Asker: 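Have a look at this one before I ask anything.
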2 protein chains.
Amino acid sequence: MEKKAPTIKEMARTLGISISAVSKALNNHPSIGLYTKERVARLAQKLNYVPNQAAIYFKQKKTCTIGVILPHLTDHFYTSILCGAETEAMQNGYNLIMCQSYDSLAREKELVAFMQKNRVDGVLVASSKETINYNHFQALESWNIPVVHMARQPKQYDCHSVISNVRDGARQAVNYFIEQGHRRIAHLNGPETMATSRERHSGYLDAHRAHQLPIHPELVQQTDFSRERNKQIVDSWMQQDEFPTAILAFKDLIVLEIMSLLKQYYPDKKEQVAVIGFGNHQLLQYMDHPPCASIEEQPAMIGQRATSLLLELMQLPGEQRSTSTTALDCKLVTYERP
Amino acid sequence: MEKKAPTIKEMARTLGISISAVSKALNNHPSIGLYTKERVARLAQKLNYVPNQAAIYFKQKKTCTIGVILPHLTDHFYTSILCGAETEAMQNGYNLIMCQSYDSLAREKELVAFMQKNRVDGVLVASSKETINYNHFQALESWNIPVVHMARQPKQYDCHSVISNVRDGARQAVNYFIEQGHRRIAHLNGPETMATSRERHSGYLDAHRAHQLPIHPELVQQTDFSRERNKQIVDSWMQQDEFPTAILAFKDLIVLEIMSLLKQYYPDKKEQVAVIGFGNHQLLQYMDHPPCASIEEQPAMIGQRATSLLLELMQLPGEQRSTSTTALDCKLVTYERP
DNA sequence: TTGTAGGCGTTATCAC
DNA sequence: GTGATAACGCCTACAA
């Protein structure tokens, strides 16, 4: 029962031939006689020989491994990215090694070091919300390990990235609000440090400008994603005489939290406030009172495209890796009230 | 810019000392002089030397890698498992390489072969719904690669596993139904081939027996998780004169589908039917009309405990790896109707 | 057609 | 205190 994996060396000894003969026989090298090949094949079969990939990769000086750094695995958005990446990587013979930064910059730096130690062939990353400089990723690239940023794009430096066109997504949502007659539209955004927050806000502004609607600065707030902070923001808005009748939120989960806060603390006003967020979570369709719409992104496609881009980059020598940004469309999905 | 990772060998050449001296210096070996150590440390710093883990693992004949095989990454339950596993593995210096079987037995077998080729130190698996024999996993164990089964436990053979006590979970749910006065309680179960389906049903039967309620065989059906099949089952029940007033479903997503089917096709009866499923999905709390309850499992804990068990097993020689099953409690979480 | 030798990056066991 | 050497599993250019 308890066996160790057989090696070509052992097989060579058993058969009384050289190691290289066994190796060549296994690889169907033309210079090996049929008889020998058959002997080797039979023995390999019998011992259930499986070549040691680790050794092969080691010799080839590559690991056929892609490192993936994500903020969280508890967020459906990131697991969808992971899902797309896994599919694409596996199809091309690459493994994924996956880890979570927990949205901590310190941890992210550790993970980058970890990736370098492990000599992954490339890295996919959705950087943490704390990440404001990208030196650690640049270091990785300077070691000839290409990096593709997913979803969260560093504006500060020129990098390879695949993101959602959240600016347009936000624009669509606010346009929809305006079409529906809303004039006081709030934006419950994510932290300013995240490029994706700034992009969202640009879209919000775009739509206002296009319709020549004034911006009310007090209607633009940033959350740290905590329920307390969200409540504080909603309170600040709803306690105004002219409270906003529409809210663009960072993502669906926050939409739901807003709606739950409204229901609990402002039940009489709840029906007057429309809310839209990013994500279009699978379960929204099952709600009796879903948000009026949701901005659907394509996270699995982000993962897939990022992986495919990374695979291309890995073929190229460093100097030829010209940077590019792919922005995938967002789609506004509306939910009719029953 | 374009550099290659420096090696001990290069540093040795640069410093004009031997490779082994450099190696020892880096590892702070006592037999190396302070001066040499400092020279080496300075150079390593300057070149940003990072040891090649792949080479180290290769020499140590281990990969410090755990293979994880999951049916899907699109299911929150499995990503929670993955999340728990990742945390535990990383804390102990192990990497995860992760892949999806897409609930296909053929693919699962490929992945097992893949794991063997890659010489992972151990495997965590939630087997596919098609898996009815476990020879491929046994083969893995016979190659001295321990396997821990998560959530989906093969009854047929003695293995290491960490699962939910779904039998008790189902019992709790049905007991709750009975306490609420329900007498015709249906079971929309998963495929019979999955042990977890059979366990769920045992719990369903347990509760009936304990309350001496008769079982109505037509109220027990198995879904393949498709919407069509679910509709067919719900139709078959709701078109009876005495339709069930309570349904135990395989998981929350199916609960939501049932509720949506009821709403669409049996709106007058909808309020008379209570539904409970497994999962207690995070978003249920935001629904205006959530299911009356949900059976909460501990997927992250399953991942964590399975990983910790696997790490233990990997320390032991094969013969001493006595099998065990850990069953984690389920908790019935009730939702009050507003 | 087959065998020999060298190397991938590292560590460990010696001998000096 | 330092260095030479072998070894891990595999591949491959070259020699026989």
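Because the structure is a prediction, the values reported are computed rather than measured. In what follows, every chain begins at residue 1, and chains take the letters A, B, ... in the order their sequences are listed.
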Asker: NA contact type, B:Tyr35, heavy-atom cut-off 4.0 Å: base, sugar-phosphate, or nothing?
Answerer: nothing
Asker: Would you mind telling me which residue lines up with the more 5' stretch of DNA chain D, B:His29 or B:Phe58, judged by nearest nucleotide?
Answerer: B:His29
Asker: Looking just at side-chain N and O atoms, do A:Ser31 and A:His29 make a donor-acceptor pair shorter than 3.5 Å?
Answerer: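 There is such a pair (donor and acceptor under 3.5 Å, judged by atom type) between the side chains of A:Ser31 and A:His29.
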Asker: Which nucleotide wins on minimum distance to the side chain of A:Lys24, given the candidates D:dC11, C:dT2, C:dT10?
Answerer: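 Nearest to the side-chain atoms of A:Lys24, counting from C-beta on, is C:dT2.
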Asker: Take the protein atom CD1 of A:Ile8 and the nucleotide atom P of D:dT12, then report the distance between them rounded to whole Å.
Answerer: 11 Å
Asker: Could you tell me how far apart B:Ile32 (CD1) and C:dC16 (C1') are, to the nearest whole angstrom?
Answerer: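 It is 14 Å, rounded to the nearest whole Å.
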Asker: Touch check for B:Ser23, heavy atoms < 4.0 angstrom, all strands: base, sugar-phosphate only, or nothing?
Answerer: base
Asker: Measure from the side chain of B:Lys59, starting at C-beta and using heavy atoms only, and say which of D:dC10, D:dG3, C:dT11 lies closest.
Answerer: C:dT11
Asker: Measure from the side chain of B:Ser18, starting at C-beta and using heavy atoms only, and say which of D:dT2, D:dC10, D:dG3 lies closest.
Answerer: D:dG3
Asker: Please report the distance, rounded to the nearest Å, between NZ in A:Lys9 and C1' in D:dC8.
Answerer: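 In whole Å, D:dC8 C1' and A:Lys9 NZ are 8 Å from each other.
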Asker: What integer distance in Å separates A:Arg119:CZ from C:dT10:C1'?
Answerer: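 For the pair A:Arg119 CZ and C:dT10 C1', the rounded distance is 11 Å.
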Asker: Pick the nucleotide of DNA chain D nearest each of B:Gly16 and B:Gln60; which residue has the one closer to the 5' end?
Answerer: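 Counting from the 5' end, the first nearest nucleotide belongs to B:Gly16.
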Asker: Output the single nucleotide from D:dG3, D:dG9, C:dT4 whose closest atom is nearest the side chain of B:Ser20.
Answerer: D:dG3
Asker: Among C:dG3, C:dT10, C:dC8, which nucleotide sits nearest the side chain of A:Lys61?
Answerer: C:dC8
Asker: Side-chain donor-acceptor pair under 3.5 Å between B:Tyr134 and B:Gln138, yes or no?
Answerer: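 Not at all, the side chains of B:Tyr134 and B:Gln138 share no donor-acceptor pair under 3.5 Å.
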Asker: What's the CG-P distance between B:Asn28 and D:dG1, to the nearest Å?
Answerer: 13 Å
Asker: Do B:Glu110 and B:Arg107 meet the salt-bridge criterion of a basic N to acidic O distance under 4.0 Å?
Answerer: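 Judged by the 4.0 Å cut-off on N to carboxylate O distance, B:Arg107 and B:Glu110 do form a salt bridge.
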Asker: Ignoring hydrogens and angles, state whether a donor on the side chain of B:Glu130 or B:Ser104 is under 3.5 Å from an acceptor on the partner side chain.
Answerer: no
Asker: Using a 4.0 Å heavy-atom cut-off, does B:Tyr49 contact any base of the nucleic acid, only the sugar-phosphate backbone, or nothing at all?
Answerer: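 Sugar-phosphate, backbone atoms only, no base.
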Asker: So does A:Asn27 get a side-chain nitrogen or oxygen closer than 4.0 Å to the phosphate oxygens (OP1/OP2) of D:dC11?
Answerer: yes
Asker: What's the CD-P distance between B:Glu38 and D:dG1, to the nearest Å?
Answerer: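 Interatomic distance, CD of B:Glu38 to P of D:dG1: 15 Å.
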Asker: Taking CE from B:Met11 and P from C:dT10, how many angstroms apart are they, rounded to a whole number?
Answerer: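 It is 8 Å, rounded to the nearest whole Å.
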Asker: Assign A:Ser31 to base, sugar-phosphate, or nothing according to its heavy-atom contacts below 4.0 angstrom with the strands shown.
Answerer: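 Contact class for A:Ser31: base.
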Asker: Strictly by modelled atom types, are A:Ser128 and A:Thr131 linked by a side-chain donor-acceptor pair under 3.5 Å?
Answerer: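 Yes, because at least one side-chain N or O of A:Ser128 sits under 3.5 Å from a partner of the opposite role on A:Thr131.
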Asker: Measure the distance from CD1 on A:Ile17 to P on C:dT4 and round it to the nearest whole Å.
Answerer: 12 Å
